[in-house]
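Working notes, beginning with the structure itself.
Model, not experiment: these values are computed from the prediction. Just so it is clear, the values below take in all heavy atoms, side chains as well, and ignore hydrogens, waters and symmetry mates.
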Amino acid sequence: MCAALYTKASNGGNPDCPLRHTLDDRWLQDLPAPLKSLVVAPVSFEVAQDYELQADHTHGRDAAHQPCFSEFRFVLTQLRSDDDEVFYEQPVYAESLTSWRLLDERWLICRTTVARFEEAGIESSFSVSDAMPR
């Protein structure tokens, strides 16, 4: 039986990355517990943040520098006013697409959307693909 080998490592791609300590555990947060032993664990991460939108993309790579984790997150906001003088941004839609490479080289994909923030309308779905989502 195969198992994922995981050694905690800081962000090997960028040791000055401010997210390096949180990424060690964040890549596991949406992964169902029974599947944790079926995925390839990343040893380094690359984080790209969008400067115009509330969005980021994280790539995880294994010891052979092959992609084994990918996460894309974004939040759409809308200007609101509470008294017609003060405007603020309020989230109206958010989506994340998280994927893990399985030991058999397929990809497990989790798509999560939040379309109704006031009601905490969160929907998640899992699928399996032969290729990494782009």
Return the [atom1] to [atom2] distance between [X] and [Y], rounded to the nearest 0.5 Å.
{"X": "Leu28", "Y": "Trp100", "atom1": "CG", "atom2": "CH2", "answer": "8.5 Å"}
{"X": "Leu31", "Y": "Leu38", "atom1": "CG", "atom2": "CG", "answer": "8.5 Å"}
{"X": "Glu46", "Y": "Thr58", "atom1": "CD", "atom2": "OG1", "answer": "10.0 Å"}
{"X": "Cys68", "Y": "His59", "atom1": "SG", "atom2": "NE2", "answer": "11.5 Å"}

Would you call [X] and [Y] a side-chain contact if the rule is heavy atoms closer than 4.5 Å?
{"X": "Pro42", "Y": "Trp27", "answer": "yes"}
{"X": "Asp62", "Y": "Val43", "answer": "no"}
{"X": "Leu103", "Y": "Val40", "answer": "yes"}
{"X": "His57", "Y": "Ser70", "answer": "yes"}
{"X": "Val75", "Y": "Arg73", "answer": "no"}
{"X": "Glu105", "Y": "Gln66", "answer": "no"}
{"X": "Gln90", "Y": "Arg80", "answer": "yes"}
{"X": "Phe126", "Y": "Leu108", "answer": "yes"}

Would you say Asp130 has more than 12 foreign heavy atoms packed within less than 6.0 Å of its CG?
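Check fails, neighbour count at 12 or below.
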If you take all heavy atoms of Arg101 and Pro67, which pair is closest and at what distance?
NH1-O, 2.7 Å
Counterpart residues, salt bridge (Lys or Arg N to Asp or Glu O under 4.0 Å), relative to [X] (two or more places apart):
{"X": "Asp30", "value": "none"}
{"X": "Asp104", "value": "Arg106"}
{"X": "Glu95", "value": "Arg111"}

side-chain contact (heavy atoms from CB on, under 4.5 Å) between Phe72 and Ser99, intermediate numbers included:
CA-CA 9 Å; Phe72 175 72; Ser99 57; over 6 Å; no
Evaluate Gln78 against Glu89 for side-chain contact (heavy atoms from CB on, under 4.5 Å), listing each step before the verdict.
CA-CA 5 Å; Gln78 190 174 60; Glu89 283 187 294; over 6 Å; no
Could you walk me through whether Leu97 and Glu71 satisfy the side-chain contact (heavy atoms from CB on, under 4.5 Å) test, starting with their C-alpha distance in whole Å, then the side-chain angles of each, then the deciding distance to 0.1 Å, before giving a yes or no?
CA-CA 6 Å; Leu97 181 69; Glu71 180 181 49; over 6 Å; no
Once the angle between the rings of Phe69 and Phe45 is folded into 0 to 90°, is it parallel (under 30°), tilted (30 to 60°) or perpendicular (over 60°)?
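The arrangement is perpendicular - the two ring planes meet at more than 60°.
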Is it the case that one hydrophobic cluster holds both Leu35 and Leu102, taking links as side-chain heavy atoms less than 4.5 Å apart, direct or via other members?
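Yes: a chain of side-chain contacts under 4.5 Å links Leu35 to Leu102.
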Thr113 side chain vs Ala115 backbone, donor-acceptor pair below 3.5 Å:
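No; zero donor-acceptor contacts below 3.5 Å.
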Please step through side-chain contact (heavy atoms from CB on, under 4.5 Å) for the pair Trp107 and Val128, ending with a clear verdict.
CA-CA 6 Å; Trp107 286 82; Val128 176; over 6 Å; no
